[in-house]
Number of protein chains: 2
Amino acid sequence: MKDVVHTISTCQRINDVLSRVGDRWSMLVVYALRDGPVRFNALKRELGISQRMLSLTLRNLERDGLVTRHYFPEIPPRVEYELTPLGHSLRGPVRALTDWALAHLDHIDAARESFDAQGEPAAGA
Amino acid sequence: MKDVVHTISTCQRINDVLSRVGDRWSMLVVYALRDGPVRFNALKRELGISQRMLSLTLRNLERDGLVTRHYFPEIPPRVEYELTPLGHSLRGPVRALTDWALAHLDHIDAARESFDAQGEPAAGA
DNA sequence: CCACCCGGTCACAAAACGATACCACCCCCG
DNA sequence: CGGGGGTGGTATCGTTTTGTGACCGGGTGG
């Protein structure tokens, strides 16, 4: 029973961190920042994320010490975001997940289609 | 520029999969199912998830071919959920992420605290 | 002059989430 | 025999999160 108790608290802790960096936008941003600093609007276009969510996600990431924000008071003002060492350490796990995602997207789509097909055979109209 | 274009579509695809299995409940369920079949209420207690979300998450996971649902018409009726081979293939990436989460939880908390501290110095009372 | 870029915020709608209650079934305890 | 409990789920309702579009200030090109 002790193992179970241990597992429970472990889940709580994982849950805790995942609720911070485990959302898809955060992971996508980490993924997009893998090769160095990127500008705000570049991220926005590349990820297909709304300005608001990108702004929010980046601020949370910055708060959690995963990215740094560099403001260049040029004309036009430029803002670049870059991974911190902590952020870089997350690259590996995120990479594993994105690689898996890329590799199994078709598989998931197929499973979903067959599930939906057998689940609702007379769902037409 | 071709590389950029490639990156863009790649992000879209990753985003696509992540919107399916990239939420924290799905990953937590995969994590909890790593050692074999687990019952509905056992998962609920272990993960600290509401019945509604667990039910939804499990159905989505089943739809995407990541878990299978085994119904035992006993008294009381027992339902167990188990990872499919596809689900097992996700264990690695999820493991990487959960390990990272466990390892860097303190780091994140510290970063957050210092960020909040310097962000709102006169937020007392 | 108007339109567009930059980075970002505001207000609002839509969707997701969480807690609770409820279902049907059966068991155990008193 | 009645009350409370556990099983796996769904329905409802209120809150939180997410997403959409407009808007801001500043500058530049047509």
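To find a chain, count down the sequence lines: A is the first, B the second, and so on, and within it residues start at 1. Note: hydrogens, waters and symmetry copies are ignored here, and every other heavy atom, side chains too, is used.
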Note to self: Base, sugar-phosphate or nothing for F72(B)? Non-hydrogen atoms, less than 4.0 Å.
What the structure shows: nothing

Note to self: Between R45(B) and dT7(D), is there a contact of a side-chain N or O with OP1 or OP2 at under 4.0 Å?
What the structure shows: yes

Item checked: Separation of dA16(C) C1' from R24(B) CZ (nearest whole Å) -> 12 Å

Note to self: Just to verify, what does E113(A) make a side chain to side chain contact (heavy atoms under 4.5 Å, CB included) with, not counting sequence neighbours?
What the structure shows: none

Next item on the list: For W25(B) and for R59(A), locate the closest nucleotide of DNA chain C by heavy-atom distance; then report the residue assigned to the nucleotide nearer the 5' terminus.
Entry: R59(A)

Notebook entry, point to check: Whole-Å distance between dT9(C) C1' and L58(A) CG?
Noted result: 14 Å

Note to self: If I take atom CZ in residue R78(B) and atom P in nucleotide dA24(C), what distance separates them, rounded to the nearest angstrom?
What the structure shows: 24 Å

Next item on the list: Using side chain to side chain contact (heavy atoms under 4.5 Å, CB included) as the criterion, list what pairs up with V30(A), not counting sequence neighbours.
Entry: L83(A), L90(A), R91(A), V94(A)

Notebook entry, point to check: Which residue pairs pass the salt bridge (charged side-chain N to carboxylate O under 4.0 Å, His left out) test with at least one member in residues 47-57 of chain A, sequence neighbours excluded?
Noted result: none

Checklist line | Sequence-distant partners of V79(A), side chain to side chain contact (heavy atoms under 4.5 Å, CB included), two or more places apart | finding: R69(A), Y71(A), Y81(A)

Checklist line | Of residues 47-56 of chain B, the positions that come close to DNA chain D - non-hydrogen atoms, cut-off under 4.0 Å | finding: Q51(B), R52(B), S55(B)

Next item on the list: Tell me which nucleotide among dG6(D), dG19(D), dG8(D) gets nearest to the side chain of R39(B).
Entry: dG8(D)

Item checked: Row check, F72(A) ring normal vs R78(A) NZ/CZ: under 6.0 Å, within 45° -> yes

Margin query: I need the CG-C1' distance between N41(B) and dG8(D), as an integer number of Å.
Written below: 7 Å

Next item on the list: For N60(A) and dT17(D), give me the distance from atom CG to atom C1', rounded to whole Å.
Entry: 12 Å

Item checked: Donor-acceptor contact below 3.5 Å, side chain S55(A) vs main chain Q51(A) -> no

Could you tabulate the donor-acceptor pairs under 3.5 Å formed by side-chain atoms of residues 101-109 of chain B, not counting sequence neighbours?
residue: H104(B); atom: NE2; partner: W100(B); partner atom: NE1; Å: 3.4
residue: D109(B); atom: OD1; partner: R20(A); partner atom: NH2; Å: 2.8

Next item on the list: Would you kindly give the OH-to-P distance between Y81(A) and dC6(C), to the nearest whole Å?
Entry: 14 Å

Checklist line | Proximity to the side chain of V79(A) - top-ranked nucleotide from dG7(C), dT18(D), dG27(D) | finding: dG7(C)

Notebook entry, point to check: What is the distance, rounded to the nearest whole Å, between atom CD1 of I75(B) and atom C1' of dC25(C)?
Noted result: 7 Å

Margin query: Whole angstroms only, please: what is the CD-P distance between E74(A) and dG7(C)?
Written below: 11 Å

